[in-house]
Undergrad: 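Before anything else, here's the structure in question.
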Amino acid sequence: MKSLKSRYILAVSIIMFCGVLYIPNVIASQLAYWQFEQNLNDSSGSPLYNLSPYGVYGYAADPADPATGNYSLNDYNASAYLYSSMYTPENDFSVEFYFKRPDVGGGCNIIGNEFRDGELTYGWRVYIQGDGLLKVQIFNGDSYYQAYDANVMYDDNEWHHIAFSLSSTNLLTMYVDGSFVDETQGSFGASALTGVMMGSGPGGAFVGQLDDVIIWDENIFPPPEVVPEPLTCVLTTIGALFAIKRSRKA
């Protein structure tokens with residue numbers, strides 16, 4: 001009877017383990033969450049400040065779907081330079097958000113903490129090129145590495161969701177619209193010499209909309225190969241249950 005009970009416990013543990021693997025957000029904590037519901041406040045008490053004296057931004061009753069809330073940040077004048085005093089870790093963190101950008105040409109920063117010291121660059125950024133190519137880049141002086149989607153241009157004036165993680169071992173992974181697009185192994189983390197900036201930066205000013213910007217304190221978007229396939233979890237659980245059944249017959 002004791003052996004049978006232990007096998008039941010094993011089966012339940014396997015099921016719970018599989019469930020945890022597919023609900024990383026339950027474990028991770030939000031460092032910041034901006035919803036842009038007609039204000040620049042975030043969940044951690046690190047509001048955004050407009051650093052441009054001529055910066056003009058607004059709120060559009062056009063939220064991303066399925067983002068929460070009824071509004072999004074609207075910066076069609078490419079003049080708002082929004083800064084937060086919230087600093088991201090050098091690694092083991094994740095960022096996700098929705099964005100919409102029309103075909104206006106010219107590359108620009110969407111979000112990041114990029115810091116330039118002469119010809120040297122530090123930190124991280126999500127950057128969109130003039131042709132719509134979307135990149136996540138990590139800088140350390142005169143070196144950098146990046147993840148990007150080379151197959152789709154994202155200046156189509158449609159909402160898109162981007163998510164990336166920088167692991168504790170500096171593995172950079174990138175997802176767009178729920179699909180894995182790239183991973184790169186880096187040799188250094190993302191220096192945190194300034195707070196998070198949105199809408200502008202050394203790489204140029206953003207034109208478009210942002211919604212539901214979330215920064216996590218964990219690597220919650222790992223590459224697909226490190227996440228067990230659902231079938232693997234199912235088969236493992238079935239195997240445990242068959243072991244229980246055989247032990248009951250013995």
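Treat the numbers as computed from the prediction; the structure is a model and nothing was measured.
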Undergrad: For D62, check salt bridge (charged side-chain N to carboxylate O under 4.0 Å, His left out) against everything at least two apart and list the hits.
TA: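 D62: salt bridge (charged side-chain N to carboxylate O under 4.0 Å, His left out) contacts with K100.
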Undergrad: Test your reading of the model: is there a side-chain donor-acceptor pair from S167 to the backbone of T169, 3.5 Å cut-off?
TA: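 Yes; at least one donor-acceptor contact below 3.5 Å.
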Undergrad: Going through the distances and angles, do E114 and N109 end up as a side chain to side chain contact (heavy atoms under 4.5 Å, CB included)?
TA: CA-CA 9 Å; E114 180 185 2; N109 287 16; 2.8 Å; yes
Undergrad: What is the minimum heavy-atom distance between R101 and V207, and which atoms define it?
TA: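 That closest heavy-atom pairing would be CG-O, 3.3 Å.
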Undergrad: Judged by modelled atom types alone, do W159 and Q209 share a side-chain donor-acceptor pair under 3.5 Å?
TA: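 No, Q209 and W159 have no side-chain donor paired with an acceptor closer than 3.5 Å.
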Undergrad: Just so I know, are the side chains of S72 and Y59 near enough to count as touching, which here means a heavy-atom distance under 4.5 Å?
TA: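 A side-chain contact is absent here, since even the closest heavy-atom pair is not under 4.5 Å.
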Undergrad: Does a donor on one side chain and an acceptor on the other come within less than 3.5 Å for E90 and S191?
TA: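 No, no side-chain donor-acceptor pair sits under 3.5 Å.
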Undergrad: Taking the six-membered ring for Trp and the full ring for Phe, Tyr or His, determine whether the centres of W124 and F164 are under 6.0 Å apart.
TA: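 Yes, the ring centres sit under 6.0 Å apart.
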Undergrad: Tell me, do V176 and L134 make a side-chain contact under 4.5 Å, heavy atoms counted?
TA: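 Of all side-chain heavy-atom pairs linking L134 with V176, at least one is under 4.5 Å.
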Undergrad: What's the shortest heavy-atom distance between M86 and A32, and which atoms?
TA: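 It is CE-CB, 4.0 Å.
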Undergrad: Find the distance between CG (D75) and SG (C108) and round it off to the nearest 0.5 Å.
TA: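 Answer for the CG-SG pair, D75 versus C108, is 9.5 Å.
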Undergrad: Please round to the nearest 0.5 Å and tell me the distance separating atom OG1 of T121 and atom CD1 of I138.
TA: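 The CD1 atom of I138 is 12.5 Å from OG1 of T121, to the nearest 0.5 Å.
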Undergrad: Does a donor on one side chain sit under 3.5 Å from an acceptor on the other, for N219 and D92?
TA: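 On atom types as modelled, these side chains do not qualify, holding no pair under 3.5 Å.
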Undergrad: If you look at every heavy atom in L166 and A190, which pair is closest and at what distance?
TA: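 Between these two residues, the closest heavy atoms are CD2-N, 3.9 Å.
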Undergrad: Within the structure provided, determine whether M198 and V213 are in side-chain contact (heavy-atom separation under 4.5 Å).
TA: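 Yes - at least one pair of side-chain heavy atoms lies under 4.5 Å apart.
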Undergrad: Look up atom OG1 in T194 and atom CG in N113, then write down how far apart they are to the nearest 0.5 Å.
TA: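 Answer for the OG1-CG pair, T194 versus N113, is 7.0 Å.
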Undergrad: What heavy-atom pair brings D211 and P63 nearest, and what distance separates the two atoms?
TA: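 Closest approach of D211 to P63, heavy atoms only: OD2-CA, 3.4 Å.
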Undergrad: Are E96 and I162 side-chain neighbours, meaning at least one heavy-atom pair lies under 4.5 Å?
TA: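 No, side chains not in contact.
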Undergrad: Donor-acceptor pairs under 3.5 angstrom involving side-chain atoms of residues 147-155: please list them, not counting sequence neighbours.
TA:
unit_1	atom_1	unit_2	atom_2	d
D149	OD1	N151	N	3.1
D149	OD2	Y154	OH	2.6

Undergrad: Measure the OG-CD distance between S165 and E218 for me, rounded to the nearest 0.5 Å.
TA: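 Here the interatomic distance stands at 9.5 Å.
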Undergrad: Within the 4.5 Å heavy-atom criterion, are K135 and Q129 side-chain neighbours or not?
TA: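 In contact.
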Undergrad: Walk me through whether Y71 and N39 qualify under side chain to side chain contact (heavy atoms under 4.5 Å, CB included).
TA: CA-CA 10 Å; Y71 294 89; N39 62 67; over 6 Å; no
Undergrad: Go through the steps to decide whether Q30 and I215 satisfy the test side chain to side chain contact (heavy atoms under 4.5 Å, CB included), and finish with yes or no.
TA: CA-CA 6 Å; Q30 292 177 1; I215 300 177; over 6 Å; no
Undergrad: Answer yes or no: is there a donor N or O on one side and an acceptor on the other, between the side chain of Y122 and the main chain of D117, under 3.5 Å?
TA: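 Checked: no pair found.
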Undergrad: Is Y87 reachable from M197 through a run of hydrophobic residues whose side-chain heavy atoms are each under 4.5 Å from the next?
TA: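 M197 clusters together with Y87.
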Undergrad: Which pair of non-hydrogen atoms, one from L31 and one from P89, has the smallest distance, and what is that distance?
TA: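 For L31 and P89, the tightest heavy-atom pair comes out as CD1-CD, 3.8 Å.
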Undergrad: Of the non-hydrogen atoms in Q35 and T68, which two are nearest, and what is the gap between them?
TA: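 Smallest heavy-atom distance, with atoms named: NE2-OG1, 2.7 Å.
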Undergrad: Checking side-chain polar atoms at under 3.5 Å, does D212 have a donor or acceptor matched by the opposite partner on Y33?
TA: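 Yes, because at least one side-chain N or O of D212 sits under 3.5 Å from a partner of the opposite role on Y33.
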Undergrad: Any donor and acceptor pair, going by atom type alone, linking the side chain of S94 with main-chain N or O of I220 inside 3.5 Å?
TA: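 Confirmed, S94 side chain pairs with I220 backbone.
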Undergrad: Cluster question for you: counting only ILVMFWY and a side-chain heavy-atom cut-off of under 4.5 Å, with indirect links fine, are Y98 and I111 together?
TA: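 Per the 4.5 Å side-chain linkage, Y98 and I111 are not co-clustered.
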Undergrad: Are L133 and Y145 connected in a single hydrophobic cluster, I mean Ile/Leu/Val/Met/Phe/Trp/Tyr linked by side-chain heavy atoms less than 4.5 Å apart?
TA: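 No, Y145 does not connect to L133 through the hydrophobic network.
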Undergrad: Hydrophobic cluster membership, with links at side-chain heavy-atom distances under 4.5 Å among I/L/V/M/F/W/Y: are I110 and L172 in one?
TA: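 I110 clusters together with L172.
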Undergrad: Got a donor-acceptor contact below 3.5 angstrom from the D177 side chain to the H161 backbone?
TA: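 Checked: pair present.
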Undergrad: Distance-only, no hydrogens or angles: does the T173 side chain make a donor-acceptor pair with backbone N or O of F221 under 3.5 Å?
TA: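 Answer holds: yes.
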Undergrad: Report the C-alpha separation of L48 and F36 in whole Å, then their side-chain angles, then the decisive distance to 0.1 Å, and conclude whether the side chain to side chain contact (heavy atoms under 4.5 Å, CB included) test is met.
TA: CA-CA 10 Å; L48 291 166; F36 302 120; 3.7 Å; yes
Undergrad: What residues, two or more places apart in sequence or in another chain, satisfy ring-ring contact (aromatic ring centres under 6.0 Å, His included) together with F180?
TA: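 Applying ring-ring contact (aromatic ring centres under 6.0 Å, His included) to F180 gives Y175.
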Undergrad: Flag yes if more than 12 heavy atoms outside E119 fall under 6.0 Å of its CD atom; otherwise flag no.
TA: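 Atom CD in E119 is not crowded, with 12 or fewer foreign heavy atoms closer than 6.0 Å.
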Undergrad: Taking side chain as C-beta onward, heavy atoms only, is L40 less than 4.5 Å from Y57?
TA: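 Touching, per the 4.5 Å side-chain cut-off.
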Undergrad: Counting only heavy atoms not in Y144, do more than 12 fall under 6.0 Å of its OH?
TA: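 Not more than 12 within 6.0 Å, no.
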Undergrad: Are F139 and F115 co-members of a hydrophobic cluster defined by side-chain heavy atoms under 4.5 Å apart?
TA: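 In one cluster: no.
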Undergrad: Can you tell me how far the CG atom of L73 sits from the CG atom of L82, to the nearest 0.5 Å?
TA: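 Answer rounded to 0.5 Å: 6.0 Å.
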